[in-house]
Amino acid sequence: MKNRYAVILAAGQGTRMKSKLYKVLHPVCGKPMILHIVDQVKQLGIEDIVTVIGHGAEKVKETVGESVLYALQSEQLGTAHAVLQARDHLAHQDGVTIVLCGDTPLITKETIEKLINHHQQTNAKATVLTASTNEPAGYGRIVRNSDGNVERIVEEKDATEDEKRITEINTGTYCFDNKYLFDVLREVKNDNAQGEYYLPDVIEILKKKNEVIAAYATDDFDETIGVNDRLALSKAEASMKKRINEKHMKNGVTIIDPDNTYISAEVEIGQDTIIKPGSILSGSVKIGEDCLIGPQTEIVDSIIGDRTTIRQSVVCESKIGSGAAIGPFAHIRPQSTLGDNIKIGNFVEVKKSTIEDGAKASHLSYIGDAEIGKDVNIGCGTITVNYDGKNKHLTKVEEGAFIGCNTNLIAPVTVGKDAYVAAGSTITENVPAEALSIARSRQINKEEYVKRKQNNDEGKN
Ligand code: UD1
Ligand code: CA
């Protein structure tokens, strides 16, 4: 989009968050607040996006990356002063500049677009995005004159009791004629309750110069929520959660209990997949079609194929194929790659292992640092003994092998193709393909033991 620019303010520390993490980096549905905003703005096809950084500048830069420009505000003297720091990038440009706060993560490109259109239709030099709420405390209030036109914006701390009763608030998002903005910013003063250079004062200054000032009122207050503290953060999280869940439902995903389902911003889910209550899908998760996920399942940074069922389980940084059955109560730990039609049953833990198509570990096993071939059957209670106290070692079970129940596979060790391991074995040496390995002591039955014991006991009395 030609001649459109954006400035995102992200230099403040966010004292009210009481946090070691800089405010704009706090995640909402798993994604740092500022990234939500940057992504929406990027989708508008804006030419240059300037992010104003200060507190935690390096961390913010690292998170947002190289696709935006940066301006440093080394001292946080207020929002007008913050925008002024973008002058080297933007002051010479003709066009419109949108200014957004880095702490309004719910703002959408559609609303920004409407703001820009309103700005252009009214021929305004500055247009502020406003919203109405019954709980305006903390926000700047929109003061309108008797004709209903915007006169100025007053901050909560500078407001009279009457002004505090105004329910129309400044959302912190604006559209400016770029040239006017940078001229007027220098005229903003800091003679107010906080001793700061307020960006909203630009409105009053332009008004006094008889320039056209406009306001675009959105009817969706939730979208404009400013996150100053953890209470607002939880409200933003709830709103974003609802938005994300609704998007998936509209795309053909069944979510049985949306209030009780937590899906991160970047998750992808295929059609006809059903998500049952208590499930948490976080980070970069991709789930195919016709899957059944949950209840009470946590999946983090993982890829799941089609028609796979994962019940009451935890899956982390792993890949699972199609037609697989996981759980209930399985734990798939990082760097595991599980193939198609595999089964990982209850109380099975898999770590850094490859499990090829059709293999099964149905009950109570630990599979760590292992390569399990196609169609292998791992019997109940089997354990890969991968750790010698210092190093981790590899267990290989080749295609078609059958591992009997309660087997210890002392790594490094290989069980060959189609081989059998008898139940209760402790395997310390490689098992050749197609062999049967029995590694347990022989059973001894002592006949009439009880009778002999009784006789013995009576003799003692
Ligand atoms: C601001 C507005 C208020 C509006 C509200 C909407 C001002 C003076 N007030 O108040 O009218 O209702 O947003 O959410 O603008 N920042 C900087 N440098 C600074 C100061 C702030 O980059 O020197 C950044 C912050 O990191 C933040 C944003 O600007 O992302 C807004 O600052 P904040 O302190 O949160 O302003 P509010 O008090 O919420
Ligand atoms: Ca704020």
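What you see below is based on every heavy atom in this structure, not just the backbone, and it leaves out hydrogens, waters and symmetry mates.
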In terms of heavy-atom contacts, does [atom1] of [X] have more than 12 from other residues, nucleotides or ligands at under 6.0 Å?
X: K247; atom1: NZ; value: yes
X: Q120; atom1: CD; value: yes
X: K453; atom1: NZ; value: no
X: K31; atom1: NZ; value: yes
X: Y70; atom1: OH; value: yes
X: K351; atom1: NZ; value: yes

- Note on the structure: Sorted by chain and number, sequence neighbours left out, salt bridge (Lys or Arg N to Asp or Glu O under 4.0 Å) with D94 holds for K179
- Would you please test D357 and N341 for side chain to side chain contact (heavy atoms under 4.5 Å, CB included) and show each step? CA-CA 6 Å; D357 298 354; N341 305 313; 5.8 Å; no
How about [X] and [Y]: does a side-chain donor come under 3.5 Å of a side-chain acceptor?
X: N430; Y: K396; result: no
X: Q85; Y: H81; result: yes
X: Y174; Y: N170; result: yes
X: E223; Y: T218; result: no

- Walk me through it: do Y5 and V50 pass the test side chain to side chain contact (heavy atoms under 4.5 Å, CB included)? CA-CA 8 Å; Y5 308 91; V50 182; over 6 Å; no
If I compare all heavy atoms of [X] with all of [Y], which pair ends up nearest, and what's the gap?
X: P412; Y: H393; value: N-CB, 3.5 Å
X: C29; Y: K241; value: SG-N, 3.5 Å
X: E447; Y: R452; value: O-NH2, 2.6 Å
X: V415; Y: A401; value: CG1-CB, 4.1 Å
X: L69; Y: H89; value: CD1-ND1, 3.8 Å
X: A236; Y: V28; value: O-CG1, 3.9 Å

Would you give the length of the straight line joining atom [atom1] of [X] to atom [atom2] of [Y], rounded to the nearest 0.5 angstrom?
X: I355; Y: K360; atom1: CD1; atom2: NZ; value: 12.0 Å
X: T382; Y: H363; atom1: OG1; atom2: NE2; value: 10.0 Å
X: I269; Y: I299; atom1: CD1; atom2: CD1; value: 9.0 Å
X: E356; Y: T337; atom1: CD; atom2: OG1; value: 10.0 Å
X: I169; Y: E135; atom1: CD1; atom2: CD; value: 11.5 Å
X: I310; Y: T297; atom1: CD1; atom2: OG1; value: 7.0 Å

- Ion pair check, D369 and K392, cut-off under 4.0 Å: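 K392 and D369: not salt-bridged.
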- Side-chain ion pair, D222 and R243, N-O less than 4.0 Å: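 No, no charged N to carboxylate O under 4.0 Å.
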Check whether any side-chain heavy atom of [X] sits under 4.5 Å from a side-chain heavy atom of [Y], and report yes or no.
X: N117; Y: Y216; value: no
X: S239; Y: I225; value: no
X: L181; Y: V7; value: no

- Query: Do Y139 and F221 have their ring centres less than 6.0 Å from each other?
  - Reply: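 Centroid distance Y139-F221: below 6.0 Å, so yes.
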- Task: Could you tell me how the ring of F329 sits relative to the ring of F347: parallel (under 30°), tilted (30 to 60°) or perpendicular (over 60°)?
- Result: parallel
- Between I293, I332, V348, which is the residue that forms a side chain to side chain contact (heavy atoms under 4.5 Å, CB included) with I326?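 Output: one option passes, namely I332.
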- Between E113 and K109, does a salt bridge (Lys or Arg N to Asp or Glu O under 4.0 Å) hold up when you go through it step by step? CA-CA 6 Å; E113 190 75 65; K109 60 177 186 302; over 6 Å; no
- Task: Take I98 and V41 through the side chain to side chain contact (heavy atoms under 4.5 Å, CB included) test and state the conclusion after the steps.
- Result: CA-CA 9 Å; I98 298 116; V41 173; over 6 Å; no
